[in-house]
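Side-chain atoms are counted along with the backbone in the values below, which use heavy atoms only and exclude waters and symmetry mates.
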Amino acid sequence: AKLVEDGIHELNLTQTCIACYNSPKGQTISGPAFEVDQLVEQLTKKNSKLFVRDLTTDGIAYHAPYLHVFREYLKEKFCNIKTRPLPYSWKSTSRSKIFGIEYLTSNICGSVYFQEAIKSLPRGGTVVEIG
């Protein structure tokens, strides 16, 4: 992740981020195509063996900074969600331990942390992804 984070900082990209921390060496980048293209070009110059794959997103940069403009709208839509602690058995890709409006809006508008969630799983556990 450091290589990607450093690239974002070096290029001064303001709308691009690591959307998903998938594994120690696997991240999903999200942002406007022109910024992502700059970042990919820089990263592949630094590491010619870098694996890059475009994800089909219908032109929507998920978990990217620009989505923050929708936070208030999302909060209104989630207004009937009751805040409660996450059940112990939940291993969330968000860093919050409280489920509610803020949890949901942060999950949509911010980064998700698959690697952290996977590390917290008990050996031999079963994974069910909901969402």
Side-chain angles (χ1 to χ4, degrees):
K2 183 162 177 23
L3 177 72
V4 176
E5 290 167 345
D6 289 349
I8 291 169
H9 180 74
E10 289 167 14
L11 293 169
N12 197 31
L13 303 177
T14 59
Q15 293 299 308
T16 297
C17 67
I18 297 177
C20 304
Y21 291 81
N22 299 316
S23 69
K25 292 186 178 183
Q27 293 83 41
T28 302
I29 300 166
S30 188
F34 72 94
E35 282 194 7
V36 172
D37 290 345
Q38 288 177 47
L39 180 60
V40 169
E41 182 179 341
Q42 182 195 47
L43 294 174
T44 53
K45 281 182 184 174
K46 289 184 176 184
N47 182 352
S48 62
K49 295 180 180 181
L50 187 69
F51 172 75
V52 177
R53 175 182 61 172
D54 282 330
L55 299 176
T56 303
T57 63
D58 294 324
I60 299 169
Y62 295 101
H63 306 290
Y66 83 95
L67 290 174
H68 287 268
V69 300
F70 297 105
R71 285 182 81 83
E72 292 308 313
Y73 171 80
L74 290 168
K75 286 179 180 182
E76 286 177 28
K77 294 299 174 188
F78 296 141
C79 70
N80 293 325
I81 302 289
K82 291 190 167 94
T83 300
R84 60 189 183 275
L86 286 177
Y88 175 76
S89 61
W90 280 32
K91 302 301 180 193
S92 176
T93 58
S94 293
R95 289 182 165 160
S96 177
K97 302 293 182 209
I98 306 294
F99 181 84
I101 295 170
E102 192 60 37
Y103 175 95
L104 293 168
T105 55
S106 293
N107 193 281
I108 292 169
C109 300
S111 299
V112 292
Y113 302 88
F114 291 109
Q115 178 186 356
E116 289 177 17
I118 290 168
K119 278 183 166 179
S120 72
L121 294 173
R123 275 190 119 57
T126 301
V127 176
V128 177
E129 183 176 2
I130 301 170

(request) To the nearest 0.5 Å, tell me how far Thr14 OG1 sits from Tyr66 OH. (result) 14.0 Å

(request) In sequence, state the C-alpha distance, the side-chain angles, and the governing distance for His9 and Glu5, and then conclude on side chain to side chain contact (heavy atoms under 4.5 Å, CB included). (result) CA-CA 6 Å; His9 180 74; Glu5 290 167 345; over 6 Å; no

(request) Please answer: with hydrophobic residues joined when any side-chain heavy atoms are less than 4.5 Å apart, are Ile118 and Tyr21 in the same cluster? (result) no

(request) Could you tell me the separation between the CD1 atom of Ile108 and the OH atom of Tyr62, rounded to the nearest 0.5 Å? (result) 10.5 Å

(message) What's the separation between atom CD in Gln15 and atom CG in Leu67, rounded to the nearest 0.5 Å?
(response) 9.5 Å

(message) Within this structure, what is the CG-CD distance for the pair Leu43 and Gln38, rounded to the nearest 0.5 Å?
(response) 11.5 Å

(message) Atom NZ of residue position Lys77 - does it have more than 12 heavy atoms of other residues, nucleotides or ligands inside 6.0 Å?
(response) no

(message) Is it the case that atom CG in Asp54 sees more than 12 heavy atoms from other parts of the structure closer than 6.0 Å?
(response) no

(message) Ignoring hydrogens, what is the shortest heavy-atom contact between Thr16 and Gly31? Give both atom names and the distance.
(response) OG1-CA, 3.9 Å

(message) What I'd like to find out is whether the side chain of Phe99 reaches to under 4.5 Å of the side chain of Thr83, using heavy atoms alone.
(response) no

(message) Please evaluate residues Tyr103 and Ser92 with respect to the criterion side-chain hydrogen bond (donor to acceptor under 3.5 Å, both in side chains), reporting the C-alpha separation (whole Å), side-chain torsions for both, the decisive distance (0.1 Å), and the verdict.
(response) CA-CA 10 Å; Tyr103 175 95; Ser92 176; 2.5 Å; yes

(request) Identify the heavy atoms of Ser120 and Ala117 that sit nearest to each other, and give their distance. (result) OG-O, 2.7 Å

(request) Flag yes if Ile29 and Val52 sit in one hydrophobic cluster, no otherwise; membership is Ile, Leu, Val, Met, Phe, Trp, Tyr, and two members link when side-chain heavy atoms are under 4.5 Å apart. (result) yes

(request) Answer yes if Tyr113 and Trp90 sit in the same cluster of Ile, Leu, Val, Met, Phe, Trp and Tyr residues linked by side chain heavy atoms under 4.5 Å apart, and no otherwise. (result) no

(request) Evaluate whether atom NZ of Lys82 has more than 12 neighbouring non-hydrogen atoms of other residues, nucleotides or ligands under 6.0 angstrom away. (result) no

(message) Are the side chains of Ile18 and Thr28 in contact, using a 4.5 Å heavy-atom criterion?
(response) no

(request) State plainly whether one hydrophobic cluster holds both Ile98 and Leu86, where clusters connect Ile, Leu, Val, Met, Phe, Trp and Tyr through side-chain heavy atoms under 4.5 angstrom apart. (result) no

(message) Would the distance check show the side chain of Asp58 and the main-chain N or O of Ile60 forming a donor-acceptor pair, the cut-off being under 3.5 Å?
(response) no

(message) I need the Glu102 CD to Asn107 CG distance, nearest 0.5 Å.
(response) 11.5 Å

(message) A cation-pi test, strictly: NZ or CZ of Lys91 under 6.0 Å from the centre of the six-membered ring of Tyr88 and no more than 45 degrees from its axis. Yes or no?
(response) yes

(message) Using side-chain heavy atoms (C-beta onward) and a distance below 4.5 Å, is Leu74 in contact with Arg71?
(response) no

(message) As an exercise, state the distance from OG of Ser106 to CZ of Arg95, rounded to the nearest 0.5 Å.
(response) 12.0 Å

(request) State, to 0.1 Å, how close Gly110 and His63 come at their nearest heavy-atom pair, and which atoms those are. (result) O-ND1, 2.8 Å

(request) Please answer: with hydrophobic residues joined when any side-chain heavy atoms are less than 4.5 Å apart, are Val112 and Phe78 in the same cluster? (result) no

